[in-house]
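Structure first, commentary second.
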Number of protein chains: 2
Amino acid sequence: MKRKPIQHYEARAAVAKALAHPSRLLILDALATKEMCVCDLTELVGADQSTVSKHLAVLKHAGIVDVRRDGVMTYYRMKIHCLEGFWKCVESVLKQNLKDQSAALGV
Amino acid sequence: MKRKPIQHYEARAAVAKALAHPSRLLILDALATKEMCVCDLTELVGADQSTVSKHLAVLKHAGIVDVRRDGVMTYYRMKIHCLEGFWKCVESVLKQNLKDQSAALGV
DNA sequence: TACGTCTATGGCAATATTACCATGAGTTCA
DNA sequence: TGAACTCATGGTAATATTGCCATAGACGTA
């Protein structure tokens with residue numbers, strides 16, 4: 001097995017890091033079906049508008065979402081369409097963890 | 001579309017966060033094929049042994065790896081086997097980003 | 001032009017992450 | 001028992017992340 005250069009893992013980690021916040025995951029879930037403006041996402045997340053804007057900047061910088069300006073509004077939309085596999089993997093981890101915790105309790 | 005509770009996204013984010021560090025990704029790549037002891041992983045990562053130990057604790061706490069003790073040695077191994085989909089997704093993001101950057105340069 | 005709306009950014013404090021050093025706990029072996 | 005080895009855990013400093021406030025920039029409309 002040939003070892004990948006450290007930059008390879010840094011690039012991967014950057015994407016994972018962008019996915020590593022509950023508010024951003026909530027945003028991505030909302031964007032899965034349709035594009036939304038910052039105002040809608042702000043109401044959805046329930047945080048300050050500037051906070052949501054910075055979360056969106058993180059997602060944009062990671063290349064996960066894309067932006068479309070229309071007058072005063074700014075619409076964000078999913079740029080990639082492969083997160084299902086990621087979620088499936090994450091859920092399997094969570095499910096396994098729950099199972100292990102139950103087993104540890106002797107249930 | 002029914003909204004998932006915030007705890008749902010926090011649980012997802014916890015897993016993503018555990019994956020969001022180059023050294024941990026390097027470790028996971030090494031563990032993909034075989035279990036390894038902390039000493040081997042320490043040499044692989046090239047950081048202090050305590051640093052690697054803490055990285056492994058993060059992965060273990062997230063439920064991504066598992067531990068087996070054998071005398072003085074402690075062997076870590078992959079506990080889940082669905083990261084291929086995750087990597088595939090991440091790589092597609094990176095590939096798309098590169099393509100966009102090239103397009104932005106007019107190449 | 002002036003105003004209201006929508007979004008992005010700088011500043012700042014609180015918190016979290018990370019890496020190293022030192023050390024402790026546990027095991028093997030002489 | 002004592003030395004050597006492997007690994008985990010405090011402690012600490014440097015750095016990064018996060019959230020809110022204030023504010024600036026951009027656009028549409030009167």
Side-chain angles (χ1 to χ4, degrees), chain A residues 6-7 9-28 30-31 34-79, chain B residues 6-7 9-28 30-31 34-79:
Chain A
I6 182 63
Q7 289 85 357
Y9 297 104
E10 286 172 350
R12 283 181 168 186
V15 176
K17 193 180 292 187
L19 297 172
H21 192 287
S23 296
R24 290 198 287 271
L25 298 189
L26 174 59
I27 289 171
L28 289 179
L31 294 181
K34 60 180 182 304
E35 70 176 13
M36 296 177 73
C37 65
V38 179
C39 51
D40 288 340
L41 293 171
T42 298
E43 188 186 355
L44 171 70
V45 173
D48 193 88
Q49 178 268 320
S50 66
T51 299
V52 174
S53 186
K54 284 180 182 176
H55 279 308
L56 290 167
V58 170
L59 291 173
K60 182 179 183 311
H61 187 259
I64 300 173
V65 302
D66 215 346
V67 186
R68 178 178 71 87
R69 253 161 279 251
D70 184 10
V72 194
M73 317 287 280
T74 302
Y75 293 96
Y76 282 83
R77 59 180 171 77
M78 290 297 300
K79 189 177 174 185
Chain B
I6 183 63
Q7 289 86 357
Y9 297 104
E10 286 172 351
R12 283 181 167 185
V15 176
K17 193 180 293 187
L19 296 172
H21 193 287
S23 297
R24 292 199 285 271
L25 298 189
L26 174 60
I27 289 172
L28 289 179
L31 294 181
K34 61 181 183 300
E35 69 176 14
M36 296 179 73
C37 65
V38 179
C39 50
D40 288 340
L41 293 171
T42 297
E43 188 186 356
L44 171 69
V45 173
D48 192 88
Q49 178 268 319
S50 68
T51 298
V52 174
S53 186
K54 285 179 181 176
H55 278 309
L56 290 168
V58 170
L59 291 173
K60 183 179 183 311
H61 186 259
I64 300 173
V65 301
D66 216 346
V67 186
R68 179 178 69 87
R69 252 161 279 251
D70 184 11
V72 194
M73 316 288 279
T74 301
Y75 292 95
Y76 282 83
R77 59 181 170 77
M78 290 296 300
K79 187 176 173 185

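Each chain gets a letter, A, B and so on, in the order the sequences are listed, and its residues count up from 1.
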request  = Go through the N and O atoms of the side chain of B:T42 and the base of D:dC7, and report whether any donor-acceptor pair is under 3.5 Å.
outcome  = no

field: Pair of N/O donor and acceptor under 3.5 Å linking D:dC21 base with A:S50 side chain
entry: yes

Kindly say if [X] contacts the phosphate of [N], meaning a side-chain N or O under 4.0 Å from OP1 or OP2.
X     : N      : result
A:Y76 : C:dA8  : yes
A:H55 : D:dG19 : yes
B:T51 : C:dA19 : no

Could you give the [atom1]-to-[atom2] distance, from [X] to [N], as a whole number of Å?
X     : N      : atom1 : atom2 : result
B:R69 : C:dG26 : CZ    : P     : 11 Å
A:Q49 : C:dG10 : CD    : P     : 14 Å
B:K54 : C:dT23 : NZ    : C1'   : 12 Å
B:H61 : D:dT9  : NE2   : P     : 12 Å
B:E35 : D:dT6  : CD    : P     : 17 Å
B:I27 : C:dA19 : CD1   : C1'   : 13 Å
A:L59 : C:dA8  : CG    : P     : 12 Å
B:K60 : D:dT9  : NZ    : C1'   : 15 Å

Could you check whether B:Y75 gets within reach of a base, just the sugar-phosphate, or nothing at all, counting any heavy atom under 4.0 Å? nothing

By the 4.0 Å heavy-atom rule, please label B:K17 as base, sugar-phosphate, or nothing. sugar-phosphate

Against the side chain of B:R24, the closest entry in C:dT7, C:dT18, C:dC20 is C:dT18

4.5 Å side-chain heavy-atom contact, B:V65 and B:L28
yes

Paired with A:I27, the side-chain contact (heavy atoms from CB on, under 4.5 Å) test is passed by just one of A:L59, A:I64, A:V58, namely A:L59

